[in-house]
Trainee: 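The structure follows.
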There are 2 protein chains.
Amino acid sequence: MNDTKPSGPIAAAVALFTIRERLEFLRLEGEHGRIPSVPLEEGETLEACARRALWEAAGIEDVFLEQLYTFDGRLGGPRVVVAYYALAPHDRLRIRRSGVGWMDPTRASTLVEEHRTIVERACERLAGKLEYAPIAYQFLADRFTLGELQSVYEIIGRQTLDKRNFRRRIRASWDLVETHDARREGPHRPARLYRLRDARPPLEG
Amino acid sequence: MNDTKPSGPIAAAVALFTIRERLEFLRLEGEHGRIPSVPLEEGETLEACARRALWEAAGIEDVFLEQLYTFDGRLGGPRVVVAYYALAPHDRLRIRRSGVGWMDPTRASTLVEEHRTIVERACERLAGKLEYAPIAYQFLADRFTLGELQSVYEIIGRQTLDKRNFRRRIRASWDLVETHDARREGPHRPARLYRLRDARPPLEG
DNA sequence: AGCGTTCGTGTATGAATGACACCAAGCCCT
DNA sequence: AGGGCTTGGTGTCATTCATACACGAACGCT
């Protein structure tokens, strides 16, 4: 967590995103803005190392995780940094450490350069991947409404979408299962709950 | 090049592809099938290391190179392996070392497992990227015919394409410049030569 | 009972994609 | 010189896909 502290030659860094009104990422508080990052240990896989970074920084576990890119480390830091991004529904995250908070990725410029680059590239990957892979549900609970799903797309894509066209597109490209339950929330018609068939646990895909 | 030889904790490995009738990749000869791979040196960038792997194994330089994925190394090898894939036109490659040859990627199963995985994932990435990025020209000379370009798509996609639809698609999505030259080759009508506007040198993009 | 709010559905139009056939230009051979 | 062979180069039509758009349904609240 400090540039001058000696560390192993390889580290994993994780940009964890969640949605709470807006898209946000997990940021370590401190003079130099950083995201969770720890050196790779003996016998540890890269993915395990990335998960440990989240655990040690924030006590967070069980999130969707995908490798993003590997960067040349900076002088005084690790030799290389393997960057991951992670997605999780906000209400399933239990932050068990202090010293972390959420930040709008459009304000990533306050991070140290290397971590800013990771957050920016993760945003690009995320926006791109929404278009061709069913990952948006990683921000939602196991069962979700189509309205919630549409919100994820609108927030990440920064544009409103037509409700009917959106539903047609999702139904065509995702393998959704309509449950018999609905979510009632507020003084209006309840929304049907769906789940993804074969929704795998949030492991690397 | 030998599992038991000590090496640094980080290595770069490169799957170099070219097209010569079929899609082929550069393979090191020897009992255990391998692709070029060298440990990262002090002060060297990952990309430079990947280029050095190609240089030391085959005397090849100046190819298009893109990072693919970073793997956990296997016991006895480097701690992590940063995999790259490279593309180059076959006739611009000068192989200046012995002990290397070309192999059909569908026969990658004879490689050591880690390198087989790299070749397979590189093929997937390549096929996917053809659909949305103008990289196919990396297999061709600076100036190329649309027929040559179509061949690249057909070989990698393993299916024949309609000539007129292909040309319409490419003209719509690539920024092509029609030169005033043509390539005469064989007893038939010469083909117009095109080049890509802003065709950058084959560096990482 | 009426109001406010979100949920949920179909159609009509324009855009993009896929299928399809012929003449042109060159070389070779007779 | 003419005919044959081979690859280069072009347009239209049918289908599919994407976009724009409006209204009744179900609930809670007052």
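The sequence lines fix the lettering, A, B, ..., with proteins before strands; numbering per chain opens at 1.
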Trainee: Could you list all the side chain to side chain donor-acceptor pair (under 3.5 Å) pairs where at least one residue sits in residues 187-196 of chain B, not counting sequence neighbours?
Mentor: R171(B)-Y194(B), E178(B)-R192(B)
Trainee: If we only count heavy atoms from C-beta on, is the P9(B) to V80(B) side-chain gap below 4.5 Å?
Mentor: no
Trainee: Can you name the side-chain hydrogen bond (donor to acceptor under 3.5 Å, both in side chains) partners of E154(B), sequence neighbours left out?
Mentor: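 Checked E154(B) against side-chain hydrogen bond (donor to acceptor under 3.5 Å, both in side chains); matches are Q150(B).
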Trainee: Out of R125(A), E66(A), R121(A), which one pairs with Y85(A) under the side chain to side chain donor-acceptor pair (under 3.5 Å) rule?
Mentor: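 With Y85(A) as partner, side chain to side chain donor-acceptor pair (under 3.5 Å) holds for just one option, E66(A).
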Trainee: Give each protein N/O atom lying under 3.5 Å from an N/O atom of nucleotides 28-30 of chain C, with the pair distance.
Mentor:
none

Trainee: Identify, with sequence neighbours excluded, every residue that meets side-chain hydrogen bond (donor to acceptor under 3.5 Å, both in side chains) alongside D175(B).
Mentor: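 Counting only residues at least two positions away or on another chain, D175(B) forms a side-chain hydrogen bond (donor to acceptor under 3.5 Å, both in side chains) with R197(B).
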Trainee: Tabulate protein N/O versus nucleotide N/O from nucleotides 16-19 of chain D, keeping only pairs under 3.5 Å, one per line.
Mentor:
unit_1: dT19(D); atom_1: O4; unit_2: R168(A); atom_2: NH2; d: 2.7

Trainee: How would you list, by chain and number, every residue that makes a ring pair (Phe, Tyr, Trp, His ring centres under 6.0 Å) with Y153(B), sequence neighbours excluded?
Mentor: F166(B)
Trainee: Not counting sequence neighbours, which residues clear salt bridge (Lys or Arg N to Asp or Glu O under 4.0 Å) with R183(B)? List them please.
Mentor: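 Counting only residues at least two positions away or on another chain, R183(B) forms a salt bridge (Lys or Arg N to Asp or Glu O under 4.0 Å) with E148(B).
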Trainee: Round to a whole Å and report the spacing from CG of D181(B) to C1' of dG8(D).
Mentor: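 Rounded to whole Å, this separation is 16 Å.
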Trainee: Would you work out how much the helix from dA1(C)-dT30(D) to dT30(C)-dA1(D) bends between its ends, with each end axis defined by five base pairs, to 10 degrees?
Mentor: 0°
Trainee: Any chance you could lay out the salt bridge (charged side-chain N to carboxylate O under 4.0 Å, His left out) test for D104(B) and R22(B), step after step, and finish with the verdict?
Mentor: CA-CA 8 Å; D104(B) 183 333; R22(B) 300 273 142 233; over 6 Å; no
Trainee: By nearest heavy atom, map Y194(B) and G186(A) onto DNA chain D; which one lands nearer the 5' end?
Mentor: Y194(B)
Trainee: Strictly below 4.0 Å, heavy-atom distances to any atom of DNA chain D: list the hits from residues 148-164 of chain B, or just say none.
Mentor: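 Contacts with DNA chain D under 4.0 Å: K163(B), R164(B).
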Trainee: I'd like to check the side-chain hydrogen bond (donor to acceptor under 3.5 Å, both in side chains) partners of R20(A); sequence neighbours left out, ordered by chain and number.
Mentor: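 Per chain and number, R20(A) pairs via side-chain hydrogen bond (donor to acceptor under 3.5 Å, both in side chains) with E24(A).
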Trainee: Considering only dG8(C), dT10(D), dT5(C), which nucleotide approaches the side chain of H188(A) most closely?
Mentor: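 Looking only at side-chain atoms, H188(A) lies closest to dT5(C).
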Trainee: Of the non-hydrogen atoms in P105(A) and V119(A), which two are nearest, and what is the gap between them?
Mentor: CB-CG1, 4.0 Å
Trainee: Do we get R169(B) above W174(B)'s six-membered ring, with its NZ or CZ under 6.0 Å from the centre and within 45° of the axis?
Mentor: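 No cation-pi geometry.
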Trainee: Taking atom C1' of dC29(D) as reference, at what distance in whole Å does atom CD of E185(A) sit?
Mentor: 16 Å
Trainee: Could you tell me which residues satisfy ring pair (Phe, Tyr, Trp, His ring centres under 6.0 Å) with F71(B), sequence neighbours excluded, listed by chain and number?
Mentor: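 For F71(B) the ring pair (Phe, Tyr, Trp, His ring centres under 6.0 Å) partners, ignoring immediate neighbours, are Y69(B).
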Trainee: Any pair with a residue in residues 108-117 of chain A that passes salt bridge (charged side-chain N to carboxylate O under 4.0 Å, His left out), sequence neighbours left out, goes on the list, sorted by first then second residue, please.
Mentor: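 The answer is R116(A)-E120(A).
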Trainee: Tell me whether the side-chain N/O atoms of R171(A) come closer than 4.0 Å to OP1 or OP2 in dT9(C).
Mentor: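 So the side chain of R171(A) is within the cut-off, an N or O lying under 4.0 Å from OP1 or OP2 of dT9(C).
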Trainee: Output the rounded distance in Å from CZ (R167(B)) to P (dG18(C)).
Mentor: 17 Å
Trainee: Taking donor-acceptor contacts at under 3.5 Å, does the side chain of R189(A) reach the base of dC7(C)?
Mentor: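 Present.
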Trainee: What is the separation between atom CZ on R183(A) and atom P on dT5(C), rounded to the nearest whole Å?
Mentor: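 It works out to 21 Å between those atoms.
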